[in-house]
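Here is the structure we will look at, set down as structure tokens.
Chain identifiers are assigned alphabetically (A, B, ...) following the order of the sequence lines, protein sequences preceding nucleic acid strands; residue numbering begins at 1 within each chain.
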2 protein chains.
Amino acid sequence: MHPAIPDEFLDLMAEKFRMLADPTRLAILRALMGGERNVSRVVEETGRNQANVSKHLKMLADAGLVARRKEGLQVFYRVDDPLVERLCKLVCETIVQEAEQEVERHRTLLSGWSKASP
Amino acid sequence: MHPAIPDEFLDLMAEKFRMLADPTRLAILRALMGGERNVSRVVEETGRNQANVSKHLKMLADAGLVARRKEGLQVFYRVDDPLVERLCKLVCETIVQEAEQEVERHRTLLSGWSKASP
DNA sequence: TGACTGAATAACCGATCTGGAATATAGTTG
DNA sequence: CAACTATATTCCAGATCGGTTATTCAGTCA
């Protein structure tokens, strides 16, 4: 029912996840989710320096997550894999939910404490 | 419309993805998706050695993706985060789709070639 | 052509990650 | 108690990663 998955396939999966496993790349993707952007604009919106952004953009492009378009001096990038938005959305929601649960847990702990020690 | 996301939140997201960004951990999770398993069984099903599996299981447990249950000499693990299956499913589907598109692309290239050179 | 701009690359370094071997721990059984 | 089993931990080497600085490349414009 649950046959093992060939290593080659696991590597492909891991690579997809690895691309999303870095805060700078996530920030870049977030910027690109606002629409196509040139490198300078991504630099502004992410607060990272230019060399760094260029390097990560290359990784993302090599992995096929973003597409490149050259126009004169500038280079424009855009998200090019529908997976990106869906994965990020799922994870975001989960983190928010976990945070809410944590708040709720504290609330109940606190109420128990206030009852237990009047 | 698309405000920047605080680095602290990006770090949380990256950490989730990082846990899934390794073939061995994916193999382990795959095994656990078949139901609760003790370490030895995970070792068998993944083909990795024991120390390695134990180490990765600890990471997954610390990250809250799997849960631990001790029973005598053995320790049983199970998937404990609904996110895992959903993320993996999405990525798997995408990879399969990409592979299919690749095949299709080759097919059309090939047909064009056979027409062009009779 | 030369000056200028936006982007990519190279070189370097510290940090982190992975796997393997050896060792340690916890629990069972005789 | 000692021997054994299942799991965890430690230590190590090699690889990869991420950020920074400096440099290079490509394209524009005077």
Side-chain angles (χ1 to χ4, degrees), chain A residues 4 7-8 10-32 36-78 80, chain B residues 5 7-8 10-32 36-78 80:
Chain A
D7 276 10
E8 190 185 342
L10 293 177
D11 288 342
L12 286 176
M13 292 184 64
E15 201 207 320
K16 291 270 183 200
F17 284 123
R18 198 156 41 78
M19 278 303 120
L20 299 177
D22 176 82
T24 297
R25 280 193 293 274
L26 289 175
I28 291 173
L29 289 170
R30 168 68 171 184
L32 296 183
E36 200 184 44
R37 301 265 190 277
N38 66 7
V39 177
S40 303
R41 174 124 180 233
V42 175
V43 168
E44 286 175 23
E45 294 192 12
T46 59
R48 270 77 175 180
N49 72 34
Q50 182 261 320
N52 203 359
V53 167
S54 268
K55 211 167 20 169
H56 284 293
L57 278 171
K58 177 173 167 49
M59 288 191 211
L60 291 170
D62 287 345
L65 299 190
V66 306
R68 234 179 80 109
R69 180 174 67 86
K70 207 164 180 179
E71 186 180 311
L73 262 184
Q74 309 183 43
V75 177
F76 289 84
Y77 287 87
R78 62 180 185 280
D80 193 38
Chain B
I5 297 184
D7 277 9
E8 189 185 343
L10 293 177
D11 288 342
L12 285 177
M13 293 185 65
E15 201 205 321
K16 291 269 181 200
F17 285 123
R18 198 157 41 79
M19 279 302 121
L20 299 176
D22 176 81
T24 296
R25 281 195 292 277
L26 289 175
I28 290 173
L29 288 170
R30 168 68 171 184
L32 295 182
E36 200 185 44
R37 301 266 190 277
N38 67 7
V39 178
S40 303
R41 174 124 180 235
V42 174
V43 169
E44 286 173 24
E45 295 192 12
T46 59
R48 271 76 174 180
N49 73 36
Q50 181 262 319
N52 205 356
V53 167
S54 268
K55 224 179 339 186
H56 283 294
L57 278 170
K58 177 173 167 49
M59 287 191 212
L60 292 170
D62 287 346
L65 299 190
V66 306
R68 234 179 81 108
R69 181 175 67 85
K70 208 165 181 179
E71 186 180 312
L73 260 184
Q74 309 182 44
V75 177
F76 290 83
Y77 287 88
R78 64 179 184 280
D80 193 38

| request: Taking atom types as modelled, find out whether A/Ser40 and A/Glu44 have a side-chain donor-acceptor pair closer than 3.5 angstrom. | output: no
| message | Under 4.0 Å, heavy atoms only, any strand: does B/Arg68 hit a base, just the sugar-phosphate, or nothing? | response | sugar-phosphate
| OP1 or OP2 of C/dG19 sitting under 4.0 Å from any side-chain N/O of B/His56? | yes
| field | Gap between atoms CD and C1', on A/Gln74 and C/dC4 respectively (whole Å) | value | 14 Å
| field | Where protein sits on nucleotides 20-30 of chain C, one letter per nucleotide: B base, S sugar-phosphate only, - none, heavy atoms under 4.0 Å | value | BBB---BBS--
| request: Give B/Tyr77 one of three labels, base, sugar-phosphate or nothing, depending on what nucleic acid heavy atoms sit under 4.0 Å from its own. | output: sugar-phosphate
| Would one find a side-chain N or O of A/Thr24 under 4.0 angstrom from OP1 or OP2 of D/dG18? | no
| field | Single hit among B/Ile28, B/Val42, B/Leu26, B/Val66 for side chain to side chain contact (heavy atoms under 4.5 Å, CB included) with B/His56 | value | B/Ile28
| request: Can you see which heavy atom on A/Pro23 is nearest to which on B/Asp11, and at what distance? | output: CG-OD1, 3.1 Å
| Of the non-hydrogen atoms in B/Arg18 and B/Arg25, which two are nearest, and what is the gap between them? | O-NH2, 3.1 Å
| task | Might you point out which heavy atoms bring B/Met59 and B/Met19 nearest each other, and give the distance in Å? | result | O-SD, 4.0 Å
List every contact pair, protein side and nucleotides 13-17 of chain C side both N or O, where the distance is under 3.5 Å.
residue	atom	partner	partner atom	Å
C/dC17	OP1	B/Arg18	NH1	3.0

| query | Which one of A/Val43, A/Leu32, A/Val75 satisfies the side chain to side chain contact (heavy atoms under 4.5 Å, CB included) criterion with A/Arg37? | reply | A/Leu32
| note | Looking only at heavy atoms, the pair that brings A/Phe17 and B/Leu20 closest together is CD1-O, 3.2 Å
| request: Write down the distance between CG (A/Leu57) and P (D/dG19), rounded to a whole number of angstrom. | output: 13 Å
| request: Could you tell me the separation between the CG atom of B/Asp11 and the P atom of D/dG19, rounded to a whole number of Å? | output: 10 Å
| task | Return yes if some donor-acceptor pair links the side-chain N/O of A/Arg48 with the main-chain N/O of A/Thr46 below 3.5 Å, else return no. | result | yes
| task | Could you tell me the separation between the CZ atom of B/Arg69 and the P atom of D/dT7, rounded to a whole number of Å? | result | 12 Å
| remark: Atom CG of A/Asp62 and atom C1' of C/dA8 are separated, to the nearest Å, by 12 Å
| Between D/dA6 and B/Ser54, is there an OP1 or OP2 to side-chain N/O distance shorter than 4.0 Å? | no
| To the side chain of B/Lys58, which of D/dT7, D/dG18, D/dT9 is closest? | D/dT9
| B/Asp22 to A/Ala14 - nearest heavy-atom pair and separation | N-CB, 3.8 Å
| request: Could you check how far CG of A/Asn38 sits from P of D/dT28, rounded to whole Å? | output: 15 Å
